[in-house]
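I have placed the structure first, in the form of C-alpha cells, so that the comments after it can refer back to it.
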Amino acid sequence: MLSYEEILERALLVAAEELLLEDAAETIGEEPLRDERDGEPVEVREVQTLADAGFMGAENGIVLRLTDGREYTLTLKQYR
C-alpha cells in the first residue's frame with residue numbers, strides 16, 4: 001500500500017505533466033514566461049519524481065525542468 005506522500009507525489013507528477021504555463025499565466029492575467037534567449041514562451045519540458053531524478057534522501061516530491069533550462073523541485077513535507 002502506498003503512503004500518503006507517495007500518492008500525493010504521483011498526483012503532483014500527473015498534474016505537472018499536464019501543466020501548460022502559458023495557459024496558466026493567461027488564466028491569472030499575467031504575461032507568459034519568456035525564454036531570455038529567443039523570446040519563446042517557457043513550458044514544462046520534463047517532470048520526474050525526486051527519486052527518479054537522482055535526489056538522495058527519503059523526501060517525496062517532483063522536479064520540474066523547463067524549456068529555458070531552469071529546474072525547480074517541489075518537496076512534500078507533512079507538518080501535521
Side-chain angles (χ1 to χ4, degrees):
M1 186 165 153
L2 296 176
S3 69
Y4 276 68
E5 289 84 1
E6 291 168 320
I7 291 170
L8 291 169
E9 177 184 67
R10 290 181 185 189
L12 278 173
L13 191 64
V14 169
E17 287 172 344
E18 308 257 334
L19 181 62
L20 298 173
L21 294 178
E22 191 170 11
D23 290 349
E26 182 179 315
T27 298
I28 61 172
E30 291 293 327
E31 292 293 318
L33 300 172
R34 298 270 177 201
D35 190 318
E36 294 172 357
R37 298 168 292 186
D38 60 15
E40 290 294 314
V42 174
E43 290 294 344
V44 176
R45 178 178 53 83
E46 181 180 27
V47 183
Q48 289 183 297
T49 65
L50 291 175
D52 288 346
F55 284 78
M56 304 305 254
E59 295 180 331
N60 291 90
I62 63 171
V63 177
L64 296 167
R65 293 190 174 93
L66 305 183
T67 55
D68 68 352
R70 295 174 197 238
E71 296 185 10
Y72 294 89
T73 59
L74 300 173
T75 305
L76 291 165
K77 293 185 185 242
Q78 181 180 350
Y79 71 93
R80 223 186 290 178

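What you see is a predicted model, and the numbers here were worked out from it, not measured in a lab.
In this structure, CG in Leu8 is found 12.5 Å from CG in Leu13, a value given to the nearest 0.5 Å. Atom-to-atom distance recorded for Ile62:CD1 and Glu17:CD is 8.5 Å, nearest 0.5 angstrom. A distance of 9.0 Å separates CG in Leu19 from CG in Leu66, rounded to the nearest 0.5 Å.
Arg65 is linked by a salt bridge (Lys or Arg N to Asp or Glu O under 4.0 Å) to Glu46, Glu71, counting only residues two or more places apart in sequence or in another chain. Contacts of Ser3 classified as side chain to side chain contact (heavy atoms under 4.5 Å, CB included), with partners at least two apart in sequence or in another chain: Glu5, Glu6. For the side chain to side chain contact (heavy atoms under 4.5 Å, CB included) test, no residue two or more places apart in sequence or in another chain qualifies with Ala15. Residues satisfying the salt bridge (Lys or Arg N to Asp or Glu O under 4.0 Å) test with Glu30, not counting sequence neighbours, are none.
Between Ala25 and Pro32, the shortest heavy-atom contact is CB-CA, 3.7 Å.
In the hydrophobic clustering, Tyr4 connects to no other residue, as no ILVMFWY side-chain heavy atoms lie under 4.5 Å from its own. Using a 4.5 Å cut-off between side-chain heavy atoms of Ile, Leu, Val, Met, Phe, Trp and Tyr, Phe55 falls into a hydrophobic cluster with Leu50, Val63.
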With a cut-off of 3.5 Å and sequence neighbours excluded, list every side-chain donor-acceptor pair involving residues 37-45.
{"from": "Arg37", "atom 1": "NE", "to": "Asp35", "atom 2": "OD1", "distance (Å)": "3.0"}
{"from": "Arg37", "atom 1": "NH2", "to": "Asp35", "atom 2": "OD2", "distance (Å)": "2.7"}
{"from": "Arg37", "atom 1": "NH2", "to": "Asp68", "atom 2": "O", "distance (Å)": "3.3"}
{"from": "Asp38", "atom 1": "OD1", "to": "Glu40", "atom 2": "N", "distance (Å)": "3.0"}
{"from": "Glu43", "atom 1": "OE1", "to": "Leu21", "atom 2": "N", "distance (Å)": "2.6"}
{"from": "Glu43", "atom 1": "OE2", "to": "Glu22", "atom 2": "N", "distance (Å)": "3.0"}

Please tabulate, one pair per line, all N/O donor-acceptor pairs under 3.5 Å involving side-chain atoms of residues 73-80, not counting sequence neighbours.
{"from": "Lys77", "atom 1": "NZ", "to": "Glu59", "atom 2": "OE2", "distance (Å)": "2.8"}
{"from": "Gln78", "atom 1": "NE2", "to": "Arg80", "atom 2": "O", "distance (Å)": "2.7"}

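Within 6.0 Å of atom CZ in Arg70, 12 or fewer heavy atoms from other residues, nucleotides or ligands are found, so the atom counts as exposed in its surroundings.
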